[in-house]
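The next block holds one structure in the form of structure tokens; read it before the comments.
Here, residue 1 is the first one in the sequence, and each next residue gets the next number. In listed order, ligands and their atoms are each counted from 1. Hydrogens, waters and symmetry mates play no part in the numbers below; they use all other heavy atoms, side chains included.
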Amino acid sequence: MSGVKIVGTGSALPGRVVTNDDMAKIVETSDEWISSRTGIRSRRYCDAQAGESHRTLVRDAATRALEAAGIEPAQVGVCLVATFTADTCTPSAACLLQADLGMPEDTLCLDLNAACAGFVYGLHVAECLLPGAKRPYALVVGADTLSRVMDFSDRTTCVLFGDGAGAAVLECREGYPCLHAVWGSRGDDASLYAPGVGCEEPSYLHMDGRAVFRFATDVMPLATTQVLEAAGMRADEVDRFVFHQANKRIVDFAVRKLGLDPAKCEGNIDHTGNTSAGSVPILLDELVRAGELGSGDRVLLAGFGAGLTWAGALAELA
Ligand code: ACO
């Protein structure tokens, strides 16, 4: 049986830092309210004048992941970008990335929309596609530019989100482990949505924060437990938990409920905000680059988001 390992990671955050005090100049809020309710102290926004865009974040994160893996773009067989805020509806962000990096024509390129759970979905989709792909490496990117879909008159949402991209290179090989992925969606729940092309209202993100909070504190422990059951592992056998960074209180709740070691679950929301599909791979890459994760480590990743969606997976670092 073939399986997959993560052989490289990368990430890219835009240069413009927006602090909670900056947000307090836009809406009626405060550093105290935002940091105590969410753990967020600052977030990053793309600066178009500095040449930053969704496309450049995707390109930079992917380039760093390929460099870390020691893989050339020509060796990639599957190229997935998880996002719901790409620069263009079509061509897909994955096709733009193919063009930017010069990946071969027979690279399987597509975008995937599962909002904040998108990167974890992407890992699973790549695992499924790789055995039939032309080459054994998949580039999986999670990227969102939420600053573009924020209603900056709505303090209940605009303070929560930021822009960013993260990427991982998967290698498919005989004898490698499977991801033990789990997933779910509740398409009938409209507590989090953004209108798209053809809708009369602007494409701002709308969120019933309390309803999403309840959903998140339900599915984060659920996804984690399901992955552990599928893998036949105990929580203390996992080296690190990489949870979607939507709100530190949601992660803290899951950690308490599952009895996890908090030191294995620390996040980075303080300087990123919620970067949606970028959140999980950015944290993963920051941990790898800080030397907190290395070869042979097993990481449980879990995300949830609009859709509503959630997903979990267990990945081993090569
Ligand atoms: N600054 C100051 N006050 C605020 C702000 C703000 N930015 N936002 C809301 N308030 C006020 C409200 O108006 C309310 O005032 P009231 O009591 O006078 O009516 C009060 O603060 C409390 O509001 P709540 O909504 O009850 O605050 P809560 O403690 O629930 O925190 C939050 C809100 C942070 C949004 C929380 O519900 C949450 O984190 N929800 C989950 C969000 C999430 O995970 N989103 C993921 C999205 S993933 C994706 O796919 C995009």
Side-chain angles (χ1 to χ4, degrees), residues 18-43 54 82-86 112-122 142-166 183-187 189-196 203-223 243-254 267 269-270 272-283 301-311:
V18 181
T19 65
N20 290 346
D21 287 337
D22 294 330
M23 294 306 303
K25 292 174 195 151
I26 303 170
V27 287
E28 197 182 329
T29 190
S30 66
D31 176 48
E32 198 283 329
W33 193 96
I34 301 170
S35 56
S36 65
R37 300 271 177 146
T38 69
I40 299 166
R41 294 199 170 273
S42 64
R43 71 288 290 143
H54 187 281
T83 187
F84 76 101
T85 54
L112 184 157
N113 176 355
C116 305
F119 177 77
V120 186
Y121 269 82
D144 271 308
T145 43
L146 277 305
S147 63
R148 287 179 175 162
V149 292
M150 282 304 108
D151 177 354
F152 282 100
S153 65
D154 176 9
R155 68 176 180 172
T156 66
T157 54
C158 73
V159 301
L160 303 174
F161 297 93
D163 301 342
W183 58 89
S185 49
R186 292 180 193 163
D189 190 324
S191 53
L192 185 52
Y193 70 96
S203 57
Y204 295 142
L205 192 74
H206 299 265
M207 183 174 71
D208 176 344
R210 286 184 192 181
V212 177
F213 197 93
R214 280 195 298 276
F215 166 73
T217 49
D218 175 20
V219 298
M220 289 297 272
L222 177 71
F243 292 130
H244 173 44
Q245 302 293 295
N247 185 329
K248 187 174 180 304
R249 286 194 295 148
I250 293 170
V251 174
D252 290 347
F253 177 91
I269 195 168
D270 60 325
T272 60
N274 179 349
T275 54
S276 188
S279 153
V280 166
I282 292 170
L283 175 56
L301 312 111
F304 67 91
L308 300 173
T309 55
W310 75 91

Inset, instruction - Examine the side chains of D21 and T19 and answer whether a donor and an acceptor come within less than 3.5 Å of each other. - result: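 Distance-only check fails for D21 and T19.
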
Legend entry - Atom pair CG/CD1 of N247 and I40 - distance to nearest 0.5 Å: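 One gets 7.0 Å once the value is rounded to the nearest 0.5 Å.
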
Legend entry - Atom pair CG/CZ of D218 and F253 - distance to nearest 0.5 Å: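 With rounding to 0.5 Å, CG (D218) is 8.5 Å from CZ (F253).
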
Between ligand 1 and the protein, give all atom pairs where both partners are nitrogen or oxygen and the distance is under 3.5 Å, as lines of names plus distance to 0.1 Å.
from, atom 1, to, atom 2, distance (Å)
ligand 1, 1 (N), T29, OG1, 2.7
ligand 1, 3 (N), W33, NE1, 3.3
ligand 1, 3 (N), R155, NH1, 3.4
ligand 1, 7 (N), T29, OG1, 3.2
ligand 1, 7 (N), R155, O, 2.9
ligand 1, 13 (O), R155, NH2, 3.1
ligand 1, 21 (O), W33, NE1, 3.4
ligand 1, 26 (O), R210, NE, 2.6
ligand 1, 26 (O), R210, NH2, 2.6
ligand 1, 27 (O), R37, NH1, 3.2
ligand 1, 29 (O), R37, NH1, 2.6
ligand 1, 29 (O), R249, NH2, 3.2
ligand 1, 37 (O), G209, O, 3.2
ligand 1, 39 (O), N247, ND2, 2.6
ligand 1, 40 (N), G209, O, 2.9
ligand 1, 50 (O), A306, N, 2.7

Inset, instruction - Sorted by first residue and then second, give each side chain to side chain donor-acceptor pair (under 3.5 Å) pair with at least one member in residues 152-162; sequence neighbours left out. - result: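 The answer is D151-S153, D154-T156, D154-T157.
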
Legend entry - Check against side chain to side chain donor-acceptor pair (under 3.5 Å), T83 and D144: CA-CA 6 Å; T83 187; D144 271 308; 3.0 Å; yes

Inset, instruction - Using the six-membered ring wherever Trp is involved, compare the ring planes of W310 and F215 and label them parallel, tilted or perpendicular (cut-offs 30° and 60°). - result: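 Rings of W310 and F215: perpendicular, as their planes differ by over 60°.
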
